[in-house]
Amino acid sequence: FVAFRCPESLGIREFCDQDGVRKFSPWYYLGIFEHLGVETVIALVEHSYDGLTFVERGIRHVDLEFVDSPTRDLVTQFLGTVS
């Protein structure tokens, strides 16, 4: 199980520094995830990247976005995905 900051769509760049914060693209995480054996990425917040970036490399991508607090149904879906 790996938790990480949501990647951002950065075009061809793997990362960029903006206002003192380093932002990473999905491409940056791919090698790390493959090394760790990550099989699924679950997006819990709205994201600007294309989930197909992970899917095309054999990593399942699941959207379970919520704004303030997750519903019971979303929690059930999350638990079903990670078990």
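Pairing each heavy atom of Pro26 with each of Pro7, the nearest pair is N-CB, 3.6 Å. Nearest heavy atom pair, residue Ile59 against residue Val38, reads CG1-O, 3.8 Å. Closest non-hydrogen pair, Leu64 versus Leu74, comes out as O-CD1, 3.4 Å.
Following chains of ILVMFWY side-chain contacts shorter than 4.5 Å, one cannot reach Phe24 starting from Val21, and the two form parts of different hydrophobic clusters. Under the 4.5 Å side-chain heavy-atom criterion for grouping Ile, Leu, Val, Met, Phe, Trp and Tyr, Val45 is not connected to Ile42 through any hydrophobic cluster. Under the 4.5 Å side-chain heavy-atom criterion for grouping Ile, Leu, Val, Met, Phe, Trp and Tyr, Tyr28 is not connected to Leu10 through any hydrophobic cluster.
Residue pairs meeting the side chain to side chain donor-acceptor pair (under 3.5 Å) criterion with at least one partner in residues 74-83, sequence neighbours excluded, are Asp73-Gln77. Here salt bridge (Lys or Arg N to Asp or Glu O under 4.0 Å) pairs that include residues 4-16, with residues two or more places apart or in two chains, are Arg5-Glu8, Glu8-Lys23. Among residue pairs with one or both ends in residues 63-72, those qualifying as side chain to side chain donor-acceptor pair (under 3.5 Å) are His47-Asp63, His47-Glu65; sequence neighbours excluded.
Within the 4.5 Å cutoff, side-chain heavy atoms of Phe4 are placed close to those of Phe33.
Phe66 pairs by the ring-ring contact (aromatic ring centres under 6.0 Å, His included) definition with nothing, not counting sequence neighbours. Residues satisfying the salt bridge (Lys or Arg N to Asp or Glu O under 4.0 Å) test with Asp19, not counting sequence neighbours, are none.
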Under 3.5 Å, which donor-acceptor pairs link side chains of residues 49-57 to any protein atom two or more places apart or in another chain?
unit_1	atom_1	unit_2	atom_2	d
Tyr49	OH	His61	NE2	2.8
Asp50	OD1	Leu52	N	3.0
Thr53	OG1	Asp50	O	3.0
Arg57	NE	Glu34	OE2	2.9
Arg57	NH2	Glu34	OE1	2.9
Arg57	NH2	Glu34	OE2	3.1

